[in-house]
Amino acid sequence: MLSTVQSSRATWQVNHVRAEAERQACAAAIRLTDLDGAIDAVVERALSLSTPLNNREPVTNPAALRRSDGSSVYTVAGSALYTSTAILAAERAILAAAGRRDGRVVPAAAVDVALLESTANRVELNPGQVQLVRELATSGTRVQLALAPAGTGKTTALRALSAAWRADGGNVIGLAPSAAAAAVLGEVVGTDTDTLAKLIHALATGNAVPPWVARIGPDSLVVIDEAGMASTSDLARVIALVTEAGGSVRLIGDDQQLAAIGAGGVLRDIVTTHGAVTLSQVLRFTDPDTGAPDHAEGAASLALRDGDPAALAYYIDHGRVHVGDLATVTDDAYTAWSTDRAAGRDAIMLAPTRELVAELNTRARRDRLAQQNGAIGPQVTLADASQASAGDAVITRRNERTLPISATDWVKNGDRFTVTAVYDTGALDVVHQRTGRRLTLPADYVSDHVDLGYATTVHGAQGLTADTCYTVATGEESRQLLYVALTRGRHANHLFLTTAGDGDPHSVITRDALLPPTAVDVLTRVLARDGAPTSATSQARELTDPAALLACAADRYYDALNTAAEERLGLEALEAIDAAADAAMPGLTTQAAYPVLRAHLALCAVSGRDPPTSFGRPWPRIDVWTTPAMWPRSWTGVSTPPDDTHPGPAPAVAAWPSEDARRRPRVGPLPRRLRRSGQLTGRRCRRPCTRLDPTSAPAWALPLIDRDPQLVADLAVWRTAHGVDDADRRPTGPALPRAADARAQRALDDRVTRLLGDGRALTARWAPLVDSIDPRIAGDPYWPVLAERLAAADRAGIDITALARAVAAERPLPDEQPAAALWWRLCRHLSPPR
């Protein structure tokens, strides 16, 4: 059971183990009366054999903050993480190999010859590709990682790397997780290529070991493409095989694209520990009218990959995002796709579920048959229960080496074909859409592993490239899914987004039903949803990360203050608060958010204020969009006074409120214990913050890192304590309502202003320009960044004023993110952003 669990994930929880135990118990001859006990015993044994990650509580909570079983009220039952010694050993072995520098070094002259040869063949490498070839060929690193975002020209660079390695007498071998990727890699490197799975199986069984394995030696380079799709155990096994023979490994992949089940996220560990060579100039996107590279879409795709919400402005401004209910956007996506197909363009449709894919496939076939002259002819039932006849597009879903396409190629999972004939036996004559080669798919393969191929899921489309791409999305996708979906098309990538409800009465009372989000709101949530796998090593590191511990300790501290205040007041005082609240507004205590207000008033009470007097002011009119119990300051004027004499658990966190000197009780064990723990965590957090450098610092810290490292450390502690996202460029993040927090925030902001100025000089310089273009630009959070970039372009000698006016005159800027939209328009006319 553990072997099955660890083959699909690097870490697991008790529910993962229990689910697998129940699946396997179904196949075992266990009496029903013994089933529950057997599963419990197996789960307990499996967890005892697993390696727990650091699941210690950062604070030992008193009884008031513990459940009846002794666990903390701040922990989620079943959330403890486990891994195995095998996975940890595999991750350590990969990282250790990546740190070795005793590998083969290709002479610089050989690299120069390979680059010249590429130029002579009219394949000009850009500076990023040249740097990648030089780094991978001459570093001497045993295991090196190259990150290649979608469309950055990976294949061109690998072809030059292979030529450089061979020019000095070396040999190159290619491996990939999927057969399709291995076939493409074989075309690039022009040598032996195969799948990782086949190699691992051959090594494990000793059967059909590829002959090239024996040729691996000190002069060998093994290129593993799509390395992010490979499992950690497979990578470790192959790396050990190559390095023990003296060879070198180059991992090519993208840690921000979709990963396969079992992929353990070790690429991120390599980047963090040893760094990586990165291709960062996107070459895929072109203008369909002129054929010129579309630098703006390339830059926007990289921003999308990094989770920058400003990237959304490109797609909104260019009319690439279409909204509606699911039925409407699905119909619109199909209409756009069919229009492109009728015009002879290579278009693909992507959908979030297999059910919707089947619906689109069936509709596409039905419409094709309606336009067909003559009889349909013989039909066959496919694996997805759909019908296919001559002229239909189909896609294969299983590797089958016994079905050759050519002397070196065979049918692979994800290959797309067009049906030319259907036999009575159920076999199909097909033509490969990429190569044009013909073959026959046998009946049993057709019925089990062939689907209609007009539409596919986003996972199935990774690695595909078409002229245009039309994706139906629900808003529940991850950032990686969105990135892959919006980078498949060369000329255009359109997103058809569900923003309207489905009429389900159970969803009528949700927040989105009452306050419908815009497309930008929905997509911003998607970008914040990071679905990339995380290794066990990284999970363990994150669980002990001082920044994460500080944020957790601060949240718990604030909540514990409320509990401590209510305990301090006692039942009689709390009932008085409730009575005053109901007297001020009947039914207020029945509001779901009332406990928040009562806790706030309890904090005021322990600081010496009489809670009932807080209701002396007139209350505003209540409408259906608001919850009055969530307004502890806006209408009551109540605020918790800061305490200068008793600091909180860290400089960024407010303290236990001051109390009237005549009746000041002891603070009590709860806040005191939390304060001590938080102070320790704050000191631990400050140490790594003081070691930030320009290569690792987030964007908000870059203007400060060389001028005042201590201020950067203070800001880092503040941001982690209050959960400010690194993508937020404001030094202290959004304004905080709590009085003590607001005062500390103003103090930090004042220190930044004294050091850098308030930034108004730069924005004031460009304000007349943007006001003449669109007054809304100055209200966009992206506006300060745009001002910096306008100034940089001006310093570079570009007539940015005339250019900005010209691009703004093309069409009105969008209502949302107008500053970012203006920047993406400017990008088309600037040098390729990298």
Side-chain angles (χ1 to χ4, degrees), residues 8-11 87 90-92 94-95 97-99 128 132 135-136 141 143-154 157-158 175-178 181 185 196 223-236 238-239 249-282 284 298 301-308 311 458-459 461-463 477-487 526-542 545 695-696 698 726-727 834:
S8 61
R9 58 184 69 248
T11 60
I87 289 176
E91 292 174 355
R92 285 194 294 265
I94 293 173
L95 292 178
L132 181 138
E135 287 278 345
L136 297 188
T141 303
V143 177
Q144 192 169 13
L145 172 63
L147 295 178
T152 51
K154 169 186 67 176
L158 288 182
L175 293 171
S178 67
L185 182 61
L196 281 167
V223 178
I224 303 179
D225 196 12
E226 302 289 355
M229 296 284 288
S231 71
T232 299
S233 58
D234 287 352
L235 278 181
V238 172
I239 288 173
V249 178
R250 297 295 180 262
L251 305 174
I252 315 297
D254 185 2
D255 59 345
Q256 288 298 335
Q257 293 196 52
L258 297 173
I261 294 176
V266 74
L267 295 193
R268 287 191 175 186
D269 291 351
I270 296 177
V271 174
T272 302
T273 308
H274 303 292
V277 188
T278 304
L279 288 175
S280 54
Q281 182 176 336
V282 181
R284 170 173 296 170
S301 73
L302 293 178
L304 195 72
R305 177 181 181 271
D306 294 336
D308 185 355
V458 179
H459 281 87
Q462 181 158 282
E477 290 77 13
S478 66
R479 181 202 310 169
Q480 288 72 23
L481 276 165
L482 183 65
Y483 172 59
V484 170
L486 290 178
T487 52
V526 171
L527 290 182
R529 200 175 293 129
D530 189 352
T534 305
S535 69
T537 302
S538 291
Q539 290 272 28
R541 183 170 58 248
E542 290 171 5
D545 178 26
T695 61
S696 62
D726 271 348
R834 281 176 286 154

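Heavy-atom basis, side chains included; hydrogens, waters and symmetry copies ignored.
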Any Val223 side-chain heavy atom under 4.5 Å of Leu136 side chain: no
Sub-4.5 Å side-chain heavy-atom contact between Leu302 and Pro149: yes
Shortest non-hydrogen contact between Gln256 and Tyr483, atoms and distance: O-CD2, 3.6 Å
By salt bridge (Lys or Arg N to Asp or Glu O under 4.0 Å) - contacts of Arg541 (at least two apart): Asp269
Separation between CD of Glu226 and CG of Leu185, rounded to the nearest 0.5 Å: 9.5 Å
Separation between NE2 of His274 and CD of Gln144, rounded to the nearest 0.5 Å: 11.0 Å
Closest approach of Leu251 to Ala227 (non-hydrogen atoms, all atoms of both residues): CB-CB, 4.0 Å
Point-to-point distance, once rounded to the nearest 0.5 Å, from OG of Ser231 to CZ of Arg9: 14.0 Å
Ser535 backbone acceptor or donor facing Glu91 side chain under 3.5 Å: no
Leu132 and Glu135, any side-chain heavy atoms less than 4.5 Å apart: no
Working for side-chain contact (heavy atoms from CB on, under 4.5 Å), residues Arg529 and Val526: CA-CA 5 Å; Arg529 200 175 293 129; Val526 171; 3.9 Å; yes
Heavy-atom side-chain contact between Glu542 and Thr534 under 4.5 Å: yes
Close side-chain approach of Gln257 to Gln480, heavy-atom, < 4.5 Å: no
Considering all heavy atoms, the nearest Ala150-Val282 contact: O-CG1, 3.8 Å
Minimum-distance pair of heavy atoms, taken over all atoms of Ala90 and Ala236: CB-CB, 3.8 Å
Distance, nearest 0.5 Å, that separates CD1 of Ile87 from OG1 of Thr11: 8.0 Å
Leu95 side chain near Ile270 side chain, heavy-atom distance below 4.5 Å: yes
Approximate separation, where rounding is to 0.5 Å, of Thr152 OG1 and Leu147 CG: 9.5 Å
Minimum-distance pair of heavy atoms, taken over all atoms of Asp254 and Arg305: OD1-NH2, 2.7 Å
Sole candidate of Thr141, Leu235, Ile224 that passes side chain to side chain contact (heavy atoms under 4.5 Å, CB included) when paired with Val249: Ile224
Reported CG-to-CG distance for the pair Asp255 and Leu145, which is rounded to 0.5 angstrom: 7.5 Å
Salt bridge (Lys or Arg N to Asp or Glu O under 4.0 Å) partners for Asp530, two or more places apart: Arg268
Residues Asp308, Arg479; criterion salt bridge (Lys or Arg N to Asp or Glu O under 4.0 Å); working and verdict: CA-CA 10 Å; Asp308 185 355; Arg479 181 202 310 169; over 6 Å; no
Non-hydrogen atoms of Thr487 and Ser301 that approach each other most closely: CG2-CB, 3.9 Å
SB check Lys154 Asp225 (cutoff 4.0 Å): yes
